[in-house]
Amino acid sequence: MVDPILADAVKAPQKSDPKLANAWKSKSGRELTEAEVLAMPDSEYMNDKQLEFFRVKLQTLKDDLLSNAGETTEHLREDTTIVPDPADRATIEEEHALELRTRDRERKLLKKISQSLARIDAGDYGFCDETGEPIGLGRLIARPTATLSLEAQQRRELKQKMFGD
C-alpha cells in the first residue's frame with residue numbers, strides 16, 4: 001500500500017535551492033546527491049546523468065543484497081549445533097525461518113532491481129508502465145524499482161482491495 005507520507009512527499013513541489021539548481025551540470029551522475037537530482041529542471045527528466053545516478057543507486061542496492069545473502073548462508077551454517085532445550089531450539093528455528101523469509105523478499109527485490117537496470121538500458125526507466133507518464137524523481141528516489149506512477153499504483157491497489165488479487 002502506498003504510504004500517505006511518501007505520497008505527500010512525492011506530490012509536494014520541490015523548491016530548488018539556487019546552489020543545487022546548477023550543481024548537476026558540473027558533476028557526473030555518479031557524483032550527484034538526491035537533493036541535486038531533485039533540484040534538476042523538469043526538462044532534464046531522465047537525462048544521462050539521472051540515468052547514471054539511478055543505475056549506481058540500483059547497483060549499490062543489488063550489491064548490498066547479495067552481500068547479505070552470503071552472510072545468511074554463513075550464519076545458517078554456524079548455527080547447526082544441537083541444542084538440548086526445546087525452547088532454545090524453537091527460538092533458533094524461528095530466527096532461521098525469519099531470516100529465510102527476509103532473504104526470500106530480498107530475492108524478489110533482486111529480480112526487480114535487475115528488471116530496473118534492464119529498463120535503464122532499454123530507455124524505459126522512469127516512465128509508468130500503464131500510462132507512459134513520468135513516474136517522478138521523488139518516487140524513484142524513494143523506490144528505485146517503481147514501474148508505476150503514484151496515481152497508477154493507487155488505482156491498482158484500490159482495484160486489488162475491491163476485487164482481491
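Keep in mind that the numbers below use all heavy atoms, side chains included, and drop hydrogens, waters and symmetry copies.
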Within a strict 4.5 Å, meaning less than it, do heavy atoms of the [X] and [Y] side chains meet?
X: Ile113; Y: Leu65; value: yes
X: Gln115; Y: Thr147; value: no
X: Ile120; Y: Leu58; value: yes
X: Phe53; Y: Ile141; value: yes
X: Ile135; Y: Tyr45; value: yes
X: Glu31; Y: Glu36; value: no
X: Asp129; Y: Arg119; value: yes
X: Tyr125; Y: Arg55; value: no

TODO: Verify the neighbour count for atom CZ of Arg105: are there more than 12 heavy atoms of other residues, nucleotides or ligands below 6.0 Å?
DONE: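 12 or below, so no.
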Task: Asp48 atom CG: more than 12 heavy-atom contacts under 6.0 Å - done: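 Not buried by this count: 12 neighbours or fewer within 6.0 Å.
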Mind checking the [atom1]-[atom2] spacing from [X] to [Y]? Nearest 0.5 Å is all I need.
X: Ser149; Y: Glu130; atom1: OG; atom2: CD; answer: 7.5 Å
X: Gln59; Y: Glu52; atom1: CD; atom2: CD; answer: 12.5 Å
X: Leu110; Y: Leu61; atom1: CG; atom2: CG; answer: 8.0 Å
X: Ser116; Y: Lys57; atom1: OG; atom2: NZ; answer: 12.5 Å
X: Leu100; Y: Glu95; atom1: CG; atom2: CD; answer: 12.0 Å
X: Leu117; Y: Phe54; atom1: CG; atom2: CZ; answer: 12.5 Å

Would [X] and [Y] show up in the same hydrophobic cluster when neighbours are defined by side-chain heavy atoms closer than 4.5 Å?
X: Leu109; Y: Leu148; result: no
X: Val56; Y: Val37; result: no
X: Ile92; Y: Leu98; result: no

Task: Shortest non-hydrogen contact between Cys128 and Ala152, atoms and distance - done: SG-CB, 3.8 Å
Open item on the list: Looking at Glu44 and Lys49, is any side-chain nitrogen of the basic one under 4.0 Å from a carboxylate oxygen of the acidic one?
Closed with: no
TODO: Could you tell me whether Arg107 and Asp104 have a side-chain N and a carboxylate O separated by less than 4.0 Å?
DONE: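 Between Asp104 and Arg107 there is a salt bridge, with a charged N closer than 4.0 Å to a carboxylate O.
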Open item on the list: Evaluate Glu151 against Thr131 for side-chain contact (heavy atoms from CB on, under 4.5 Å), listing each step before the verdict.
Closed with: CA-CA 10 Å; Glu151 294 79 15; Thr131 64; over 6 Å; no
TODO: Could you tell me whether the side chain of Ser67 and the main chain of Asp63 form a donor-acceptor pair under 3.5 Å?
DONE: no
TODO: Test Gln153 against every option in Arg156, Arg155, Glu157 by the side chain to side chain donor-acceptor pair (under 3.5 Å) rule and name the one that passes.
DONE: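 Only match with Gln153 under side chain to side chain donor-acceptor pair (under 3.5 Å): Glu157.
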